[in-house]
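Reading through the structure tokens given below for one structure.
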Amino acid sequence: RHTEAAPLPSYDEVLVCTRDTEEEEVELLVRRALSPGSHDQKIYCLLGADKLVYKVSIQLESHFFRLVQSSSIPNYRFIIFCNAKAHNSYVVTAFDAYKVTFPCYSKTEIQTYLKMHLKVPSGTAPVAQAFEEPYQLNVKFVFSERAGVGE
């Protein structure tokens with residue numbers, strides 16, 4: 001359900017997948033989502049799951065369905081995000097029966113939501129003050145070709 005007051009996911013709820021994502025990382029997120037005690041309103045997400053290599057994709061399917069069958073959690077919250085055009089992805093094929101389409105939000109709606117949730121609380125001495133942007137956001141993405149060596 002869409003609501004502007006809904007919080008952003010926390011670090012333990014999201015796994016951003018790449019071709020280098022390992023089986024253990026995927027299994028850990030699936031276990032978090034489907035284990036007792038995981039029904040604390042968290043929504044576990046695999047982002048870009050279509051990028052997983054074949055071996056890891058098969059293991060994702062295996063872990064998921066094994067845990068669903070053995071789990072006592074009827075209302076787990078686990079979302080797998082894939083590119084709609086990734087028709088050759090094993091993940092897309094394996095989970096096709098569960099596929100849903102999300103509503104489209106405008107760029108302005110997304111930006112407004114993110115500005116509201118990423119804003120630094122007033123009265124704090126945030127690192128965000130080091131950046132010259134007027135929004136005082138508490139998140140900044142820095143990309144580097146060689147992380148850790150100042151480039």
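The analysis underlying the following values was restricted to heavy atoms, covering all of them including side chains, and did not include hydrogens, waters or symmetry mates.
Proximity of Leu60 to Phe95: side-chain heavy atoms (C-beta onward) are separated by under 4.5 Å at one or more points. Side-chain atoms of Leu47 and Leu15, non-hydrogen and from C-beta on, never get closer than 4.5 Å to each other.
Heavy-atom minimum distance, His87 versus Thr93: O-OG1, 4.2 Å. Between Leu52 and Val56, the shortest heavy-atom distance links the atoms CD2-CG1, 3.9 Å. The two residues Cys17 and Lys51 have their closest heavy-atom pair at O-CD, 3.8 Å. Across every non-hydrogen atom of Asp12 and Arg32, the tightest pair is O-NH1, 2.9 Å. Among all heavy-atom pairs drawn from Ser57 and Tyr90, the shortest one is CB-CD2, 3.7 Å. Contact record, Tyr76 with Val68: OH-CG2, 4.0 Å, taken as the closest heavy-atom pair.
Note on Leu28 and Leu67: separate hydrophobic clusters, where clusters join Ile, Leu, Val, Met, Phe, Trp and Tyr whose side-chain heavy atoms are under 4.5 Å apart, directly or indirectly. Linking ILVMFWY side-chain heavy atoms closer than 4.5 Å, directly or via other members, places Ile58 and Val26 in two distinct hydrophobic clusters. No continuous path of ILVMFWY side-chain contacts below 4.5 Å connects Phe64 to Val92, so the two sit in separate hydrophobic clusters.
Atom NE2 of His63 is separated from atom CG of Leu29 by 12.0 Å, given to the nearest 0.5 angstrom. Note that CD1 of Ile80 is 13.0 Å distant from NZ of Lys99, once rounded to the nearest 0.5 Å. Taking CD from Gln59 and CD from Glu27, the interatomic distance works out to 8.0 Å, rounded to the nearest 0.5 Å. If you take CG on Leu46 and CD on Glu25, they are separated by 10.5 Å, rounding to the nearest 0.5 Å.
At least one donor-acceptor pair under 3.5 Å links the side chain of Asp50 to the backbone N or O of Asn83. Gln69 contributes no side-chain N or O that, together with a main-chain N or O of Arg66, makes up a donor-acceptor pair within less than 3.5 Å. Under the 3.5 Å distance criterion, the side-chain polar atoms of Glu13 are matched with a main-chain donor or acceptor of Ile43. At distances below 3.5 Å, at least one donor-acceptor pair connects side-chain atoms of Thr21 with backbone N or O atoms of Thr18.
Taking the centre of each ring, Tyr98 and Phe78 stay at or above the 6.0 Å mark.
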